[in-house]
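Order of the sequence lines fixes the chain letters, A, B, ..., with proteins taken first and strands second; residue numbering starts at 1 for each chain.
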Amino acid sequence: MELEVRRVRQAFLSGRSRPLRFRLQQLEALRRMVQEREKDILTAIAADLCKSEFNVYSQEVITVLGEIDFMLENLPEWVTAKPVKKNVLTMLDEAYIQPQPLGVVLIIGAWNYPFVLTIQPLIGAIAAGNAVIIKPSELSENTAKILAKLLPQYLDQDLYIVINGGVEETTELLKQRFDHIFYTGNTAVGKIVMEAAAKHLTPVTLELGGKSPCYIDKDCDLDIVCRRITWGKYMNCGQTCIAPDYILCEASLQNQIVWKIKETVKEFYGENIKESPDYERIINLRHFKRILSLLEGQKIAFGGETDEATRYIAPTVLTDVDPKTKVMQEEIFGPILPIVPVKNVDEAINFINEREKPLALYVFSHNHKLIKRMIDETSSGGVTGNDVIMHFTLNSFPFGGVGSSGMGAYHGKHSFDTFSHQRPCLLKSLKREGANKLRYPPNSQSKVDWGKFFLLKRFNKEKLGLLLLTFLGIVAAVLVKVKYY
Amino acid sequence: MDPLGDTLRRLREAFHAGRTRPAEFRAAQLQGLGRFLQENKQLLHDALAQDLHKSAFESEVSEVAISQGEVTLALRNLRAWMKDERVPKNLATQLDSAFIRKEPFGLVLIIAPWNYPLNLTLVPLVGALAAALSLHCPAGNCVVLKPSEISKNVEKILAEVLPQYVDQSCFAVVLGGPQETGQLLEHRFDYIFFTGSPRVGKIVMTAAAKHLTPVTLELGGKNPCYVDDNCDPQTVANRVAWFRYFNAGQTCVAPDYVLCSPEMQERLLPALQSTITRFYGDDPQSSPNLGRIINQKQFQRLRALLGCGRVAIGGQSDESDRYIAPTVLVDVQEMEPVMQEEIFGPILPIVNVQSLDEAIEFINRREKPLALYAFSNSSQVVKRVLTQTSSGGFCGNDGFMHMTLASLPFGGVGASGMGRYHGKFSFDTFSHHRACLLRSPGMEKLNALRYPPQSPRRLRMLLVAMEAQGCSCTLL
């Protein structure tokens, strides 16, 4: 493991990954990989999650292609130095922020969207000029294998490598030193990753999870609301970090919500859900059993059917759920939708705030003021109002959590920024040393006053004002020089 | 009995309760900071003189004025910074409202160091209080301040006088040494801002990991200063000496050591001597413009470093005064202690290199520093050093002037730190940037494309739609 990491670091130190042209080339190669080997990728993901071709394409591949295209278009601009506003003391200097690569980045992928959640960060890391070690999730075995097979066929083999393995291998890997660690997964492991990173003072981005609440107001079109929620909840069999985890609503709405979701499920997946090619399966037996245990003691409004052999769990809705029960204690990450009745929006807001900050928050209402209030009085990674999931799809948004749902963000330019060091640069000249005499000892009260003046003086937009100030500065320096020397 | 726990609980409750307070309340806290600086100027100058023998000039320029500048900048720009930031939309979200909301994290811990005890406490504090002084969410962050116990006199003012200017419901000062700080770190915070050494930085980050608390760590390192043959030695000597001996060298961004050719060294030494005499007189110990070492422990550490290489200039010390003369060391070996730890004192070692390449290689062999300096008449040389190295910040042909520009982010990279602040960067550091997408309940027909059951026809439509707009768009 140590040798692998050292090899990648040597490759980075060669400087190969830094030139813009190289980065664009690698991104283009990645794009070719996705297009040429689409079949292999779709097959692998389908094997891991029983996912249909359409779903893989629309949930994973499209995002990856879109992100690559966005990078290719914008990277030339992003890598350039950005001049900043100057003050009086630096007026005649060059002052700018220059993005630089960090070095060797470790990306630990997740199993629920095994392709996009590994490749989208990779795109950002490559774009920023880094070398990357990719550790796909071992739970989505087939995707892990296909990535290990395909990436070296298209990308530089020394700069971007795939290391596969389980807990043991990942623990070994985390002992090594990286320049940034990007982790997508759960809170418990997030802590382990950050603690390992602390030993080397490695910055981290942690995309974690939580229970994303979904508040349904009385004043809304329940038909549309329930269709949208059904789509977002049962997508990927509920195994989505930003799926609406549970519903909060007034008790009077429960029955209608149940009915409409039930109808929508039928519309989406047919009478025999098991036969629907659009409905996925639980990733493995451990998670299957875990999710099953959440049903104990609950009032199942509809659904609840399971088949251990195929790891099938039917789209399920629970009503009158007691907040103290197990299903409300952990992120569900499955096709079970609890409804927790609340008296009103005040109670809903309190309920949400009593809990950990979630990765996403959803609120459905025609009342714009109510939506605003919900946003104002809570916190979460992100929010979508009157829909679910969608804030993920706009890459001008930073995508990430807050509190126990994570730290840092990515997507689009935010990925580039995450994987770069934005280095402040000030370039002065060795001339005009006379002006510096103002700052050198021996000091005096008048120097103190002049020092304050220049430090605190705001930078005028008018050129005349600038020139006047420079002139004043030189005059002051001359005066001081005359007085002290 | 857990008084610390009680303080933290009080602040957390205040944070939640504060969601209904008017926005003006928070702006008033910043104004309070400004008044604290103005009304206690002499008190602060005296304390800084007692702790570090800082001259009025240094206290004003590097502590009071900088802090004041940040307060003024924050008050002036608050509205602009805290506004919801609209973002470009894609095809699917054209008719929606898409913006980034800046929100406070909640309970913020600021751990400050002793070398610029006012500046490095107040400037982060400004950022924490300003963060998300939002019209929408009036409750900004609640802050726990842990000033350094080593700069005793300033600590006293921060503990006793500062709280009179900032509302107690959103601010508390906690005092103590390493043990108390360790206990403090066991509690859960929503953000931790730490300035100090890399060693303690690791401890802070490890403690933060237990609660998944995001951190900004402003650490340190050995800041290299490359001096090219092509330059005027007197100008370089002036600039390097000023930044090296400012605050008796106890500056995280001070030039730590010089890299130059033996020929350049020959020209630099007399220039440095001339500069030092001009700055501090023939007897620097009696100059009011030279600081002192903060305490005995640091003094002893530095005195030991005087034994490395050979003393070319200075080298005197006085234990009773914690005085160390402005010193230049030559014939220094890479493995000697003075080249192994951050000096943080008025000692400047010169290491010889034969070429620019060797200098760059020397720099890149070591940890990424907080700052990096290169002096040359040739802008090509300066730019080469810049592009072929990495560091928190960089200044060509001067010392840490880049710090005075609030439009430049200030922070480290690698072992010198993570995160950044100053000006708007402070505000952003202490805010959570929350993506908000508000969709209309209408347009459901368009959404229908994303719903199952799916078909090959739909897939083709999706692909066509993707080609059509050529921008990042998913899940129509």
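Heavy-atom distances place both the backbone and the side chain of B:Met205 under 4.5 Å from chain A. The contact between A:Lys431 and chain B is made entirely by backbone atoms, counting heavy-atom distances below 4.5 Å. Of the two parts of B:Thr206, the backbone and the side chain both hold a non-hydrogen atom closer than 4.5 Å to a non-hydrogen atom of chain A. Proximity to chain A is limited to the side chain of B:Tyr280, based on heavy atoms less than 4.5 angstrom apart. Contacts between A:Ala197 and chain B at a heavy-atom distance below 4.5 Å involve backbone atoms as well as side-chain atoms. Proximity to chain A (any heavy atom under 4.5 Å) is shown, for B:Pro198, by both the backbone and the side chain. In this structure, the portions of A:Lys191 lying under 4.5 Å from any heavy atom of chain B include both its backbone and its side chain. Of the atoms belonging to A:Leu427, heavy atoms from both backbone and side chain fall under 4.5 Å from chain B. For A:Arg18, the part sitting under 4.5 Å from any heavy atom of chain B is the side chain, from C-beta outward, and nothing else. Proximity to chain A is absent for every atom of B:Phe400, based on heavy atoms less than 4.5 angstrom apart. For A:Glu267, the part lying under 4.5 angstrom from a heavy atom of chain B is the backbone only. Only the side chain of A:Leu208 comes within less than 4.5 Å of a heavy atom of chain B; its backbone N, CA, C and O stay farther away. Contacts between A:Thr384 and chain B at a heavy-atom distance below 4.5 Å involve backbone atoms as well as side-chain atoms. Looking at B:Ser376, only its backbone comes within 4.5 Å of chain A, counting heavy atoms on both sides. Within the 4.5 angstrom heavy-atom criterion, no atom of A:Glu60 approaches chain B. When heavy atoms are compared at a cutoff of 4.5 Å, B:Ala374 does not approach chain A at all. In this structure, chain B has no heavy atom under 4.5 Å from any part of A:Thr264. For A:Leu361, the part lying near chain B is the side chain, with the backbone staying farther off; criterion is any non-hydrogen pair under 4.5 Å. Contact annotation for B:Thr387: only backbone heavy atoms (N, CA, C, O) come within less than 4.5 Å of a heavy atom of chain A. In this structure, no portion of B:Tyr373 lies under 4.5 Å from any heavy atom of chain A. Contact annotation for A:Leu206: only side-chain heavy atoms (C-beta onward) come within less than 4.5 Å of a heavy atom of chain B. With a 4.5 Å cut-off on non-hydrogen atoms, A:Phe364 does not touch chain B at all. Contact of B:Ala207 with chain A is not made at all, since no heavy-atom distance falls under 4.5 Å. Contacts between A:His180 and chain B at a heavy-atom distance below 4.5 Å are absent for every atom of the residue. Both the backbone and the side chain of B:Thr389 come within contact range of chain A, each with at least one heavy atom under 4.5 Å from a heavy atom of that chain. Both the backbone and the side chain of B:Thr235 come within less than 4.5 Å of a heavy atom of chain A.
Looking only at heavy-atom pairs under 4.5 Å with chain A, the residue among B:Ala406, B:Ala98, B:Cys231, B:Gly419 that has the most is B:Ala98. Most heavy-atom pairs under 4.5 Å with chain A: of the set B:Arg239, B:His211, B:Lys210, B:Glu444, this distinction falls to B:Arg239. Comparing B:Lys202, B:Arg439, B:Met418, B:Arg434 by heavy-atom pairs within less than 4.5 Å of chain A, the highest count is held by B:Arg434. Of all the listed residues (A:Ser380, A:Gly190, A:Gly15), the one sharing the greatest number of non-hydrogen pairs under 4.5 Å with chain B is A:Ser380. Heavy-atom pairs under 4.5 Å with chain B were tallied for A:Thr90, A:Ile68, A:Ile375; the largest tally goes to A:Ile375. Comparing A:His391, A:Gln422, A:Glu433, A:Met407 by heavy-atom pairs within less than 4.5 Å of chain B, the highest count is held by A:Glu433. Counting heavy-atom pairs under 4.5 Å between each of B:Ile203, B:Asn238, B:Val215 and chain A puts B:Asn238 at the top. Comparing A:Thr202, A:Asp93, A:Asp179 by heavy-atom pairs within less than 4.5 Å of chain B, the highest count is held by A:Thr202. The residue among A:Glu53, A:Gln98, A:Arg227 with the most heavy atom pairs within less than 4.5 Å of chain B is A:Arg227. Of all the listed residues (B:Arg420, B:Gln234, B:Met401, B:Gln388), the one sharing the greatest number of non-hydrogen pairs under 4.5 Å with chain A is B:Met401. Ranking B:His433, B:Lys383, B:Glu85 against chain A, the residue ahead of the rest is B:Lys383, based on heavy-atom pairs under 4.5 Å.
For B:Arg199, the CZ atom is loosely surrounded, since the number of other residues' heavy atoms within 6.0 Å does not exceed 12.
A:Ser276 contributes no side-chain N or O that, together with a main-chain N or O of A:Ile273, makes up a donor-acceptor pair within less than 3.5 Å. Under a 3.5 Å cut-off, the side chain of B:Tyr245 and the backbone N or O of B:Phe279 do not form any donor-acceptor pair. Using a distance-only test at 3.5 Å, with no hydrogens or angles considered, no donor-acceptor pair links the side chain of B:Thr93 to the main chain of B:Lys89. Formation of a donor-acceptor pair under 3.5 Å by the B:Glu70 side chain with backbone atoms of B:Gly423 is found in this model. Using modelled atom types, no side-chain atom of B:Lys424 and backbone atom of B:Ser407 make a donor-acceptor pair closer than 3.5 Å. Looking at B:Lys368, its side chain does come within 3.5 Å of a backbone N or O of A:Leu102 through a donor-acceptor pair. Of the possible donor and acceptor atoms, one in the side chain of B:Ser55 sits under 3.5 Å from a partner among the backbone N and O of B:Glu58.
Of the charged side-chain nitrogens involved, none lies within less than 4.0 Å of a carboxylate oxygen, so that A:Glu94 and A:Lys86 do not count as a salt-bridged pair. A salt bridge does not link A:Arg228 with A:Asp221: none of the charged nitrogens is closer than 4.0 Å to a carboxylate oxygen. Taking 4.0 Å as the cut-off between side-chain N and carboxylate O, A:Arg177 and B:Glu367 count as a salt-bridged pair. Under a 4.0 Å N-O distance rule, the pair A:Glu356/B:Arg188 qualifies as a salt bridge.
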Practice problem: List the steps, then state whether side-chain contact (heavy atoms from CB on, under 4.5 Å) holds for A:Leu65 with A:Tyr57. | Solution: CA-CA 10 Å; A:Leu65 291 176; A:Tyr57 210 88; 3.8 Å; yes
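Checking B:Ser391, B:Ser390, B:Cys395 one by one against B:Leu372, the side chain to side chain contact (heavy atoms under 4.5 Å, CB included) holds for a single residue, B:Ser391. With A:Tyr279 as the partner, the ring pair (Phe, Tyr, Trp, His ring centres under 6.0 Å) test is satisfied by one option alone out of A:Tyr269, A:Tyr234, A:Phe268: A:Tyr269.
In the model, B:Arg86 has a side-chain atom that pairs as donor or acceptor with a side-chain atom of B:Ser97 under 3.5 Å.
Separation of the A:His411 and A:Phe392 ring centroids falls under the 6.0 Å cut-off.
In this view, A:Asn386 satisfies the side chain to side chain donor-acceptor pair (under 3.5 Å) rule with no residue, not counting sequence neighbours. Residues satisfying the side chain to side chain donor-acceptor pair (under 3.5 Å) test with A:Arg373, not counting sequence neighbours, are A:Asp346, A:Glu377.
Between B:His402 and B:Phe410, the angle of the ring planes lies from 30° to 60°, which puts this pair in the tilted group.
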